[in-house]
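Here's the structure we're looking at; comments come further down.
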Amino acid sequence: MKNDIIAVYMEHLNKQGIPYTRLANILRLSKGSFHSWFSYDRTLPAKTALQIAEYLNLEDEFFFHYPCYVMQSLELSNSKNSTNRKKPMRNIIDFLSICFEKENHVAIESTCAELSKNHDTFFEPDKSLFNLVESLRNESLSSLQRPIYSFISKIADYKEVFKTISDYRLLIFAIKSQRLDVQTEILSSLNRRIDDLPPNMYANALLKILTYYYSVENWERMCDCADKLINVGTQIINTTHSDNPEDAYDEPLEFNRVKYLGQGFLMKASALRNLKFYKESKMYIKLYSEMDWISNQSAEDQEEIRRFKVYGEANGYHLELLQGNFSVVDQYRHYLSQHPDEKLPGIVTIIEVANKYGIAIDDEIKNEAFELIILKDELMNHHSYYSKEKQLTLFVKLFYEFSLHLLHIQDYSNGYTLALNCLELSIIQGNSDMIVKAIATLEYASANATEAQLKSYDKVRKGVLKYEKILGHRYASA
């Protein structure tokens with residue numbers, strides 16, 4: 001057999017002059033079982049194969065050869081008209097469990113590759129593989145779980161709910177990586193079957209997807225997704241939710257019940273505002289600002305309702321500014337001074353509106369913007385209601401809008417540097433739209449850049465070219 005772990009063991013035993021019957025005695029295993037394994041009549045179980053490998057100091061060989069060995073054993077059993085596929089699959093599950101325990105990422109990848117090649121002929125999907133990866137779900141093991149979820153997601157024969165949950169888990173991993181391009185790829189699969197998710201998981205997923213649409217500024221999809229969350233949020237408010245979901249594969253709600261409805265209204269308002277439907281946006285702001293009607297309020301409910309009132313005030317000012325009502329600027333700045341978490345989005349709003357209407361901003365706003373930029377890393381690590389992903393998106397926008405303003409007032413040095421910072425951060429985030437905008441700004445301002453700045457731009461642009469195929473654009477000129 002190709003890639004044969006038995007042959008590896010036999011070769012080693014022969015070199016050492018150890019009969020396998022003696023090895024059976026040493027390991028306290030049945031000689032009859034040893035004979036059937038080493039004569040290929042039965043498949044060597046994963047746990048026993050590891051036990052032999054540890055004794056012979058052949059662990060690396062075990063992790064490299066065992067997946068192929070099991071698949072080929074299964075092929076042999078099929079050629080003998082065997083109908084029992086469960087034992088080889090049990091061996092795969094046991095092998096992957098060992099890989100998790102040893103944190104052997106390469107072995108998991110190779111096993112999934114073998115399963116992918118052979119699943120249509122030799123593999124009958126069941127819940128055992130899915131249950132394994134779910135049972136071992138742990139923050140520190142995410143890199144090990146990813147290839148298994150990815151495998152399950154792509155196998156047509158798998159139960160739809162298992163594939164959908166696998167996509168959802170992959171989305172969570174992608175969100176933690178803060179790469180929008182990776183999230184885009186996963187969402188294209190998840191969106192096709194998101195309705196198959198269990199109820200609480202569906203609600204949690206909608207929150208995450210809305211954050212993604214906000215980050216990539218896909219306002220139309222954000223509107224549709226917000227409508228779904230509003231429907232789900234209304235159901236959550238109107239029903240009694242248990243911390244122990246009825247569906248065995250479901251999960252608890254991640255947030256207080258009020259957040260689901262309030263965030264649906266908030267994201268709908270934000271999408272409508274960016275689509276310039278200001279009247280409709282104002283209506284949704286009113287909806288999430290006035291949720292005192294919710295019955296049986298707990299202390300957590302009341303805190304969340306209060307929080308949405310605060311957001312409503314901030315976004316009300318934002319809406320007025322976008323419509324050219326600058327009489328609210330001083331009120332807005334006073335509000336920002338009382339709510340530190342809102343300073344970053346608030347300063348971005350003020351600069352964005354100033355750029356839109358060609359209005360100068362005073363030195364105090366400029367200084368606050370520079371202070372936010374200087375404290376970026378500290379603020380990103382500081383506890384905030386805003387997720388790190390959303391904060392990163394806001395900093396990208398701050399770099400971009402502030403660079404435009406500074407270039408407009410002929411502060412070329414700082415303006416070019418901030419546009420360069422915007423490009424670097426957009427590459428880290430995989431934010432294709434902002435990469436395009438940053439490069440356009442840098443190309444436009446290149447005549448006023450220093451030699452050192454142009455060299456820095458050239459270096460960063462090489463990083464952009466690395467992502468061309470992933471992001472699906474051609475960004476840089478030759």
Side-chain angles (χ1 to χ4, degrees), residues 153 160-161 163-172 174-175 178-239 250-251 253-255 257-289 291 308 311-312 315 318-319 322 345 386-387 389-390 393-394 396-397 429-434 471-472:
S153 171
E160 205 65 26
V161 68
K163 293 195 290 183
T164 309
I165 293 174
S166 294
D167 280 338
Y168 173 62
R169 301 290 184 221
L170 291 169
L171 176 63
I172 293 171
I175 288 170
Q178 297 184 349
R179 289 209 54 86
L180 295 176
D181 49 335
V182 179
Q183 294 174 48
T184 302
E185 183 180 348
I186 293 164
L187 270 177
S188 65
S189 174
L190 178 59
N191 274 333
R192 290 195 297 271
R193 49 192 182 220
I194 190 171
D195 291 342
D196 293 316
L197 284 175
N200 291 355
M201 199 177 287
Y202 179 63
N204 293 335
L206 289 174
L207 278 177
K208 293 175 175 62
I209 294 169
L210 274 170
T211 301
Y212 162 80
Y213 286 139
Y214 174 84
S215 298
V216 298
E217 300 185 353
N218 189 334
W219 310 124
E220 289 83 2
R221 293 301 294 270
M222 190 166 148
C223 264
D224 294 339
C225 193
D227 285 336
K228 291 180 180 179
L229 186 59
I230 290 167
N231 289 335
V232 169
T234 302
Q235 291 172 21
I236 291 171
I237 291 295
N238 292 333
T239 58
D250 206 354
E251 63 186 13
L253 292 173
E254 288 184 26
F255 302 98
R257 62 176 186 147
V258 174
K259 178 163 183 174
Y260 294 87
L261 182 58
Q263 199 72 1
F265 290 146
L266 187 149
M267 287 299 204
K268 181 77 174 184
S270 178
L272 290 168
R273 184 189 69 226
N274 283 285
L275 291 168
K276 297 183 172 55
F277 294 116
Y278 297 135
K279 182 179 178 181
E280 293 82 354
S281 177
K282 190 172 184 179
M283 180 186 75
Y284 279 96
I285 290 174
K286 183 178 175 64
L287 286 173
Y288 69 77
S289 299
M291 293 196 291
F308 276 106
Y311 295 153
N315 289 320
H318 190 172
L319 200 59
L322 284 174
Y386 291 109
S387 66
E389 184 185 19
K390 189 165 183 179
T393 299
L394 287 168
V396 168
K397 201 162 186 179
Q429 195 184 28
N431 191 331
S432 56
D433 288 339
M434 289 308 298
L471 300 172

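Atoms considered below: every heavy atom in the structure, side chains included; atoms not considered: hydrogens, waters and symmetry mates.
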Which atoms form the tightest heavy-atom contact between K268 and I230, and what is the distance? CB-CD1, 4.3 Å
According to the interplanar angle, ranging from 0 to 90°, do the rings of F308 and Y288 count as parallel (below 30°), tilted (30 to 60°) or perpendicular (above 60°)? perpendicular
May I ask you to say whether K208 pairs ionically with E254, meaning some side-chain N is under 4.0 Å from a carboxylate O? yes
Step-by-step side chain to side chain contact (heavy atoms under 4.5 Å, CB included) determination, N315 to R273: CA-CA 10 Å; N315 289 320; R273 184 189 69 226; 3.9 Å; yes
Find the distance between NE2 (H318) and OH (Y311) and round it off to the nearest 0.5 Å. 15.5 Å
Just by modelled atom types, is the S153 backbone N or O under 3.5 Å from a matching donor or acceptor in the S166 side chain? no
Test item: D433 side-chain N/O and E217 main-chain N/O as donor-acceptor pair under 3.5 Å: no
Does either side chain, that of R192 or that of S188, offer a donor lying less than 3.5 Å from an acceptor on the other one? no
Interatomic distance, S281 atom OG to K276 atom NZ [nearest 0.5 angstrom]: 12.0 Å
Walk me through whether T164 and D195 qualify under side chain to side chain contact (heavy atoms under 4.5 Å, CB included). CA-CA 9 Å; T164 309; D195 291 342; over 6 Å; no
Are L229 and I209 side-chain neighbours, meaning at least one heavy-atom pair lies under 4.5 Å? no
Are the side chains of Y213 and W219 in contact, using a 4.5 Å heavy-atom criterion? no
Between L206 and Q263, does the side chain to side chain contact (heavy atoms under 4.5 Å, CB included) criterion hold? Intermediate values first, please. CA-CA 10 Å; L206 289 174; Q263 199 72 1; over 6 Å; no
Taken to the nearest 0.5 Å, the spacing of R257 CZ from T239 OG1 works out to 9.0 Å
When you measure from the side chain of S289 to the backbone N and O of I285, does any donor-acceptor pair fall under 3.5 Å? yes
Please name the pair of heavy atoms, one in D250 and one in M201, separated by the smallest distance, quoted to 0.1 Å. OD1-N, 2.9 Å
Main chain of E251, side chain of N200: is a donor-acceptor contact present, judged purely on distance under 3.5 Å? yes
Any heavy-atom pair between the side chains of K279 and L272 that's under 4.5 Å? no
Show, in sequence, the C-alpha distance, side-chain angles and deciding distance for T393 and V216, and conclude whether the side chain to side chain contact (heavy atoms under 4.5 Å, CB included) test is met. CA-CA 9 Å; T393 299; V216 298; over 6 Å; no
Lys/Arg cation over aromatic F255: K259, 6.0 Å, 45° cone: yes
If we only count heavy atoms from C-beta on, is the Q183 to I186 side-chain gap below 4.5 Å? no
Taking the side chain as everything from C-beta on, heavy atoms only, tell me whether Y212 gets closer than 4.5 Å to T184. yes
Among side-chain atoms of Y260 and T234, is any donor-acceptor pair under 3.5 angstrom? no
Are L261 and I236 packed together at the side-chain level, in the sense that at least one heavy-atom pair is separated by less than 4.5 angstrom? no
If you round to the nearest 0.5 Å, how far is CG of N191 from CG of D224? 10.5 Å
Any heavy-atom pair between the side chains of V161 and I165 that's under 4.5 Å? yes
Within the structure provided, determine whether K228 and Y202 are in side-chain contact (heavy-atom separation under 4.5 Å). yes
Restricting to non-hydrogen atoms, name the atom on L210 and the atom on M222 that form the minimum distance, rounded to 0.1 Å. CD2-O, 3.5 Å
